[in-house]
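Remarks on the structure that follows.
Index from 1, following the sequence. Counting starts at 1 for both ligands and their atoms, in listed order. Values below: every heavy atom of this structure, side chains too, minus hydrogens, waters and symmetry copies.
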Amino acid sequence: MVVRRSPRQNQPASAPPLTARTADRHVLYQRSVQAPETDAAFYDRWFRRYAGRPLRRLREDFCGTAVLACHHVKRHPDNRAVGVDLHRPTLDWGRTHNVAPLLDAEQQTRLTLLQKNVLAVQSPKSDAILALNFSYSVFQTRAQLAAYIRNCFRSLRPGGVLFLDAWGGPDVLQKKTDKTRHRGFVYEWEQRTYDPISHRIQCAIHFSFKDGSRLRNAFVYDWRLWTLAELRELFAEAGFVGIEVLWEGTDTKTGGGNGVFRRTKRGGMDEAWISIVVGQKPK
Ligand SMILES: C[S@@+](CC[C@H](N)C(=O)[O-])C[C@H]1O[C@@H](n2cnc3c(N)ncnc32)[C@H](O)[C@@H]1O
């Protein structure tokens with residue numbers, strides 16, 4: 001939900017102007033915060049570095065519209081993906097707007113979408129599990145998050161890899177709204193409340209349009225802000241080995257992230273940062 005710098009899907013130049021009445025919040029979300037083709041290649045590359053083999057069986061937890069799972073399936077005829085999400089209308093939207101247009105009939109047989117709680121899925125066993133855009137932050141207690149990470153461990157094949165992205169830095173604790181202009185609309189990321197005692201953080205996404213209309217609270221999040229130290233400890237307690245943090249570099253022109261991630265032992269004192277915690281199930 002914080003904006004990452006990678007190629008996005010863009011509104012075709014000929015499309016009619018977007019307004020709050022005509023826009024589809026899932027389309028706007030995908031254009032604003034997701035880069036599924038780039039991400040599918042990115043996680044395949046990192047998986048190969050850890051496991052020494054190609055990423056064939058992917059599970060996308062909290063998959064929403066499953067667009068990343070679709071792109072994984074498209075990458076190779078042996079690739080399979082499972083997308084897991086609780087929310088049937090979002091999965092149905094993904095079936096209509098991502099699965100049907102992106103995948104042919106054969107490719108669709110290699111994608112499974114499960115309307116389930118991520119805590120309740122252990123099979124089929126996967127090579128890699130992704131929980132992206134901080135979705136695991138819905139787990140607000142250490143016990144809940146530990147149960148989730150343990151369940152991921154159980155769901156992986158030997159040598160399998162869990163990737164969770166994370167965010168932080170003093171900027172994310174500020175009450176503020178960041179705006180990013182896209183063709184036809186503005187994406188607004190609101191940091192609404194943060195409680196330093198519980199680390200509960202409430203955020204929202206709004207979209208505004210050239211005609212002055214606004215899609216307020218298109219997505220609302222009630223999360224716990226987890227630290228990298230906590231995530232690393234929970235990975236270790238679940239049995240993961242080779243636990244590392246991939247830290248995003250800084251774009252010297254904008255001061256924001258540059259989309260290039262490197263293994264690091266010490267993070268920088270950045271105002272805002274995004275990183276990825278990685279752990280491997282022993283082979
Ligand atoms: C922020 S969206 C993530 C979308 C996508 N993964 C991304 O990277 O942008 C979070 C999704 O998690 C789903 N969700 C929340 N709690 C869940 C749970 N316990 N099990 C499965 N899905 C859950 C919601 O329905 C929602 O679609």
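Listed by atom number, the atoms of ligand 1 under 4.0 Å from G64 heavy atoms are 27 (O). Atom numbering of ligand 1 starts at 1 in the shown order; those under 4.0 Å from a heavy atom of N117 are 18 (C), 19 (N), 20 (N). Under a 4.0 Å criterion applied to the non-hydrogen atoms of L132, ligand 1 contributes the atoms 8 (O). Of all the atoms in ligand 1, the ones that sit under 4.0 Å from a non-hydrogen atom of Q34 are 5 (C), 7 (C), 8 (O), 9 (O). Those atoms of ligand 1 with a heavy atom of K116 less than 4.0 angstrom away are 20 (N), 21 (C).
Contact check on E230 versus R224 returns a salt bridge, with a Lys/Arg side-chain nitrogen under 4.0 Å from an Asp/Glu carboxylate oxygen. The residues D127 and R157 are annotated as salt-bridged, a charged nitrogen and a carboxylate oxygen being separated by less than 4.0 angstrom.
Because its NZ or CZ atom is both nearer than 6.0 Å to the ring centre of Y50 and within 45° of the ring axis, R263 counts as a cation-pi partner of that residue. Geometric assessment of R25 against the ring of F207 yields a negative cation-pi assignment under the 6.0 Å and 45° thresholds.
Under the 6.0 Å cut-off for aromatic ring centres, F42 and F163 do not qualify, their centroids lying 6.0 Å or more apart. H199 and Y194 have their aromatic ring centers within a separation under 6.0 angstrom.
Looking at ligand 1, you'll find an N or O of N133 within less than 3.5 Å of one of its N or O atoms. Checked by distance only, ligand 1 and V33 stay at 3.5 Å or farther apart across all their nitrogen or oxygen atoms. Close N/O approach between V84 and ligand 1 is not found [any backbone or side-chain N/O within under 3.5 Å]. The N/O atoms of V138, backbone and side chain alike, include none that comes under 3.5 Å of an N/O atom in ligand 1. Of the N or O atoms in D85, one or more lie within a sub-3.5 Å distance of an N or O in ligand 1. When only interatomic distances are considered, the shortest N/O to N/O separation between Y29 and ligand 1 falls below 3.5 Å.
At distances below 3.5 Å, at least one donor-acceptor pair connects side-chain atoms of N151 with backbone N or O atoms of V118.
If you check each of D39, L86, L68 against atom 22 (N) of ligand 1, the one with the closest non-hydrogen atom is L86.
Side-chain N/O atoms of Q34 and N133 include no donor and acceptor closer than 3.5 Å.
Taking the six-membered ring for Trp and thresholds of 30 and 60 degrees, W189 and W167 have ring planes more than 60 degrees apart, a perpendicular arrangement.
Look at Y221 and you'll find a heavy atom under 4.0 Å from some atom of ligand 1.
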